[in-house]
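Naming convention: chains lettered A, B, ... in sequence-line order (proteins, then strands); numbering from 1 in each chain. Side chains included, hydrogens not; waters and symmetry mates left out as well; all remaining heavy atoms used.
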Number of protein chains: 2
Amino acid sequence: MSGEEFKTWQSVQAEVLRRINSRQWKPGDFIPNEAELSVEFGCARATVNRALRALADTGLLDRRRKAGTRVALNPVRKATLDIPVIRYEIEGKGQTYRHTVLEHNRAVPPSGIRARMQTEPGVKLLHLVTLHLADGKPYVFGDRWINPAVVPGIEAADLSAKSANEWLVANIPFEGGDFSFSAMTAGHREAEILACKEGEGLFVIDRSTWNKGLVITSVRLTFAPGYQMHTKI
Amino acid sequence: MSGEEFKTWQSVQAEVLRRINSRQWKPGDFIPNEAELSVEFGCARATVNRALRALADTGLLDRRRKAGTRVALNPVRKATLDIPVIRYEIEGKGQTYRHTVLEHNRAVPPSGIRARMQTEPGVKLLHLVTLHLADGKPYVFGDRWINPAVVPGIEAADLSAKSANEWLVANIPFEGGDFSFSAMTAGHREAEILACKEGEGLFVIDRSTWNKGLVITSVRLTFAPGYQMHTKI
DNA sequence: TTGAACTATAAGTATGTACATATTATTTTG
DNA sequence: CAAAATAATATGTACATACTTATAGTTCAA
């Protein structure tokens, strides 16, 4: 029992997890410091550090300098989910991908979009509505606004070959984005585009992407009924 | 230019990011290996490793032994989202939290739940339907099934004081869970419970939690209209 | 010509040491 | 006695080195 050694950070992590799960270390408890654990586990402190850091990343431990490491009181665990590129998602299911551009123009965006994209009133943006189909059936449609002032070359791009998303990903670097996930009720327009019934619940992803503080594009993806996003902890 | 040194893993990461964003390293490109970068950056290979590993974790780089490191072709970036504990989420908005138990019984689950929970046909499970309210207004309701064979003590627990979720989190260790996010259309039951209109689109989270390969609980959270989950990259 | 064995390579990991940094605890000082 | 200076401490990081592991690429054999 006392002679057991944990030489890899994964095995250290597993042992720490075991102690947490077995309630040997309870939520809120301080656990021994890295130096002590490294002695007990018969490994280097760096190995313990790696294991504990990984657990802190998942939200299971709280760590603070000088204070020490404690088991998180509320395991608000962080799930990581892959933001799908629609084409790959569809092709990954063995279905054939196709998309059609329903609208492609320049227009003054509604106020909600204007706020998201931080543009002045009256400024026209590129507006694209694209329907993505899986095996010919509507899968999701994207209502996208692009700020051409931030995206050189987009005016000249052929967005019928590649989708706007693919073109942007391939040509414009970006720093980050924010996402929101929600549900909406299909109105007349959504029902028509997605070939579903009015009043059906639809899964919606809103995404804004920025670079150097400027919003490149803002898009709302409205999925056909039945869509699910999956993730594991 | 050539004399610049990057001594911390954060600065190495920033420089790598800069090169990716500036298209010096394009999607699909192999980047120099760790040893070469450590020479160029004037730091240890471990420092480069730390930086690149972090970027690989976010999905921006693909790394494989022997093959090397390349800029991800499709930045299927991984968003991390915090799975909320409903009470804290509501209280975090400055609203008062309250919950009521609508159903509390033992019953044979429908086949979908049975499949998720890997139980035999005919086996009864604990079934709990709980409505969570924010400032007295319906916020979300949970339709939960618990396998009492896996959860000792649940029968005796007082689930009116703490919600089932809080009780489980506090008393039963768990290894992991899987989540799915989707939308549904409010039927008669949902409309009644959440005080919304029939036919409204509702945001839904399905979650299963397991330990030692056994499914502890499976819950569907159905949120009142307007709910959003947010995350950033 | 397929496939099995081998080899070289790049990432992955472990370790001892050293120093940095944040933060708590203690002591000194006004 | 409160505020400021100081010490103590646990995590955080860097580095040189050494060894491990997965695997792409090559060679060899059936």
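Rounding to whole angstrom units, CZ of residue A/Phe41 and C1' of C/dT13 are separated by 18 Å. Rounded to whole Å, the distance from CG on B/Asp62 to C1' on C/dA10 is 15 Å. Following rounding to the nearest Å, A/Leu52 (CG) and C/dA14 (P) show an atom-to-atom distance of 13 Å. In this structure, B/Phe6 places its CZ atom 14 Å from P of D/dA14, rounding to the nearest Å. To the nearest angstrom, P of C/dT23 lies 12 Å from NZ of A/Lys66. Distance A/Asp57 CG to D/dT11 C1': 14 Å, rounded to the nearest Å. One atom, CD of B/Glu34, and another, P of C/dT13, lie 10 Å apart when rounded to the nearest Å. With rounding to whole Å, A/Leu37 atom CG is found 13 Å from D/dG12 atom P.
Residue contacts shown for B/Glu36 are absent, as no nucleic acid heavy atom lies under 4.0 Å away.
The side chain of B/Ala46 has D/dC15 as its nearest neighbour among D/dT11, D/dT9, D/dC15. Checked against D/dA8, C/dA11, C/dT15, the side chain of B/Thr69 finds its nearest nucleotide in C/dA11. Candidate nucleotides C/dG12, D/dA14, C/dA8 were compared by shortest atom distance to the side chain of B/Thr8, and D/dA14 ranks first. Taking every side-chain heavy atom of B/Arg45 into account, C/dT13 is the closest of D/dC15, D/dT11, C/dT13. Among the nucleotides D/dT9, C/dT13, D/dC15, the one closest to any side-chain atom of A/Gln10 is C/dT13.
With hydrogens and angles ignored, no donor-acceptor pair closer than 3.5 Å exists between the side chain of B/Arg50 and the base of D/dG12.
Without hydrogens or angle criteria, B/Glu15 side chain to B/Val12 main chain gives no donor-acceptor distance under 3.5 Å.
In this structure, a donor-acceptor pair under 3.5 Å is present between the side chains of B/Arg144 and B/Thr217. A donor and an acceptor atom, one from each side chain of A/Arg114 and A/Thr119, are nowhere located under 3.5 Å apart. Judged by distance alone, the side chains of B/Tyr139 and B/Lys93 do bring a donor and an acceptor atom under 3.5 Å apart.
Side-chain N/O atoms of A/Arg64 include one lying less than 4.0 angstrom from OP1 or OP2 on C/dT24. For the pair A/Asn49 and D/dG12, the criterion of a side-chain N or O lying under 4.0 Å from OP1 or OP2 is met. The side chain of B/Thr47 contributes no N or O atom lying less than 4.0 Å from OP1 or OP2 of D/dT13. The side chain of B/Arg63 places an N or O atom within less than 4.0 Å of a non-bridging phosphate oxygen (OP1 or OP2) of C/dG12.
Each of A/Gly68 and B/Arg65 lies near DNA chain D, and the nucleotide nearest A/Gly68 is the one positioned closer to the 5' end. When each of B/Pro32 and A/Ala44 is assigned the nucleotide of DNA chain C bearing its nearest heavy atom, the one mapping closer to the 5' terminus is B/Pro32. Nucleotides of DNA chain D nearest to A/Ala67 and B/Lys7 differ in position, and the one nearer the 5' end is that of A/Ala67.
Taking each heavy atom of B/Asp62 and B/Ala72 in turn, the nearest pair found is OD2-CA, 3.9 Å.
Below 30°, between 30° and 60°, or above 60°: for A/His99 and A/Tyr97 the angle between ring planes is between 30° and 60°, a tilted geometry.
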